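All heavy atoms count here, side chains included; hydrogens, waters and symmetry mates do not. So that the names make sense, note that chain A is the first sequence line, chain B the second, and so on, each numbered from 1. Keep in mind that what you see is a predicted model, and the values were worked out from it rather than measured.
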Amino acid sequence: MKLTTWNVNSLKVRLPQVLQWLQTNPVDILCIQETKLTDDKFPQAEIEAAGYHVVYTGQKTYNGVAILSRHPIEDVQKNNPLFEDEQQRIIAATIAGMRIICAYIPNGQAPGTDKFSYKLRWLESLETWLQQEMAKHPNLALLGDYNIAPDDRDVHDPAAWEGMNLVSPEERTAFQRLIALGLSDSFRQFEQAEKTFSWWDYRALGFRLNKGVRIDHVLLSAPLAQRCISCSVDRVPRKWEQPSDHAPVTAELKPAE
DNA sequence: ATGGCATTTGATAAATGA
């Protein structure tokens, strides 16, 4: 069972790459962020033709999330029911006995801005809701673009990022509060190469110089973490023509006992 | 180097991203 998260930075532009990637990486579940599409423009037929069920919630220009699945999708929830939000950043569903939550956590712009306080309020409410969801669903996975680099290991140059969003103590504390609910950062369950990142700036040769940050994560509840046998970043599609600035991150679970 | 690049929009410069 393979679970992937990928911020595609416009599904309109990136649909061919998503389909191409799925051909060689036929994962069970793919959580997508930043579709940037209203629901009437979502390429449902193309995705279904590729052999995937799909659910989505989107808006014009910004945000938008979707879950693609080889297995039937049930009990779909759009957005956090505890957090009034016009921005479409969450979609959750039950798939193959797991509660799958796909999230595009706010960027936060910069500490001290309105967007930053929105991010912190958003995360606080996510935590409250997740606690309820975990009580209902022991098998839970939270996949997405967190816009948080949890540790200095997750930043190419921590000194250069000092004082920025993605790395601030407030954001890292919010991330650790999610972990404290009983979630595991599947990437850190395993030995990983140093300087493994999931996002690289389009500018200033970010990818070529590996000036990245690790902000896309697959968090697993304890029963799923116990089944997890790998978690890795696939840098290949970041090298393609006109790529997303994010790479897909995949966790693999062995079958339940 | 308060820029650099990509995407979107009742575009044609501005906002947003991270």
For this session: Starting at atom CD of A:E34, determine the distance to atom P of B:dG17, rounded to an integer number of angstrom.
Result: 8 Å

For this session: Take the protein atom CG of A:L11 and the nucleotide atom C1' of B:dT8, then report the distance between them rounded to whole Å.
Result: 15 Å

Problem set entry | Closest to side chain of A:I215, choosing from B:dA18, B:dG17, B:dT8 | B:dA18

Problem set entry | Any A:K36 side-chain N or O less than 4.0 Å from OP1/OP2 of B:dT16 | no

Seminar exercise, completed: The answer to which of A:Y62 and A:R203 contacts DNA chain B further toward the 5' end, by nearest nucleotide, is A:R203

Exercise. Atom CE of A:M164 and atom C1' of B:dT16: how far apart are they, to the nearest Å?
Worked result: 14 Å

Exercise. Starting at CG of A:D114 and ending at P of B:dG17, how long is that distance when rounded to a whole Å?
Worked result: 13 Å

Exercise. Can we say A:E124 and A:R121 salt-bridge, meaning some charged N sits less than 4.0 Å from an Asp/Glu carboxylate O?
Worked result: no

Exercise. How far does the C1' atom of B:dA11 sit from the matching atom of B:dA6, given to the nearest Å?
Worked result: 15 Å

Problem set entry | A:W200 CH2 to B:dG4 C1', straight-line distance once rounded to whole Å | 18 Å

For this session: Describe the nucleic acid contact of A:R14 in one word from base, sugar-phosphate, nothing, applying a heavy-atom distance below 4.0 Å.
Result: sugar-phosphate

Exercise. Any side-chain N or O of A:K60 under 4.0 Å from OP1/OP2 of B:dT8?
Worked result: no

Exercise. What's the CG-P distance between A:N7 and B:dT7, to the nearest Å?
Worked result: 12 Å

For this session: List for me each residue that meets ring pair (Phe, Tyr, Trp, His ring centres under 6.0 Å) alongside A:F116, sequence neighbours excluded, and say none if there are none.
Result: none

For this session: Please work out if A:N147 contacts a base, only the sugar-phosphate, or nothing of the nucleic acid, heavy-atom cut-off 4.0 Å.
Result: sugar-phosphate

Exercise. Hey, what's the ring geometry for A:Y118 with A:F83, parallel, tilted or perpendicular (30° and 60° as the breaks)?
Worked result: tilted

Exercise. Is the shortest side-chain N/O distance from A:H246 to OP1 or OP2 of B:dG17 below 4.0 Å?
Worked result: no

Exercise. Among A:L253, A:I95, A:I229, A:L224, which residue meets the side-chain contact (heavy atoms from CB on, under 4.5 Å) test with A:M1?
Worked result: A:L253

Problem set entry | Any A:N63 side-chain nitrogen or oxygen under 4.0 Å from OP1 or OP2 of B:dT16 | no

Exercise. Taking the side chain from A:H217 and the backbone from A:I148, do they hold a donor-acceptor pair closer than 3.5 Å?
Worked result: yes

Exercise. C1' atom, B:dC5 versus B:dG10: distance in rounded Å?
Worked result: 26 Å

Exercise. Are the charged groups of A:K195 and A:D157 less than 4.0 angstrom apart, N to O?
Worked result: no

Problem set entry | Rounded distance (Å) that lies between atom P of B:dA18 and atom CD of A:E162 | 21 Å

Problem set entry | Base of B:dA18 paired with side chain of A:N107 (donor-acceptor, under 3.5 Å) | yes

Exercise. Is the gap between the ring centers of A:W21 and A:W240 under 6.0 Å?
Worked result: no

Problem set entry | Most 5' of A:T35 and A:K115 on DNA chain B, judged by nearest nucleotide | A:T35

Problem set entry | Separation of the P atoms in B:dA18 and B:dT7, to the nearest angstrom | 13 Å

For this session: Assign A:D145 to base, sugar-phosphate, or nothing according to its heavy-atom contacts below 4.0 angstrom with the strands shown.
Result: sugar-phosphate

Exercise. Among B:dT8, B:dA18, B:dG17, which nucleotide sits nearest the side chain of A:L166?
Worked result: B:dA18

Seminar exercise, completed: A:R238 CZ to B:dC5 P, in whole Å, measures 13 Å

Exercise. Roughly how far apart, to the nearest Å, are B:dT12 and B:dA1 at atom C1'?
Worked result: 27 Å

Problem set entry | A:Q242 vs B:dT7: side-chain N/O to OP1/OP2 distance below 4.0 Å | yes

For this session: Quick one: label A:D216 by what it contacts on the DNA or RNA (base, sugar-phosphate, nothing), any heavy atom closer than 4.0 Å.
Result: nothing

For this session: Could you check whether A:Y104 gets within reach of a base, just the sugar-phosphate, or nothing at all, counting any heavy atom under 4.0 Å?
Result: sugar-phosphate

For this session: Check whether any side-chain N or O of A:T61 sits under 4.0 Å from OP1 or OP2 of B:dT7, and answer yes or no.
Result: no

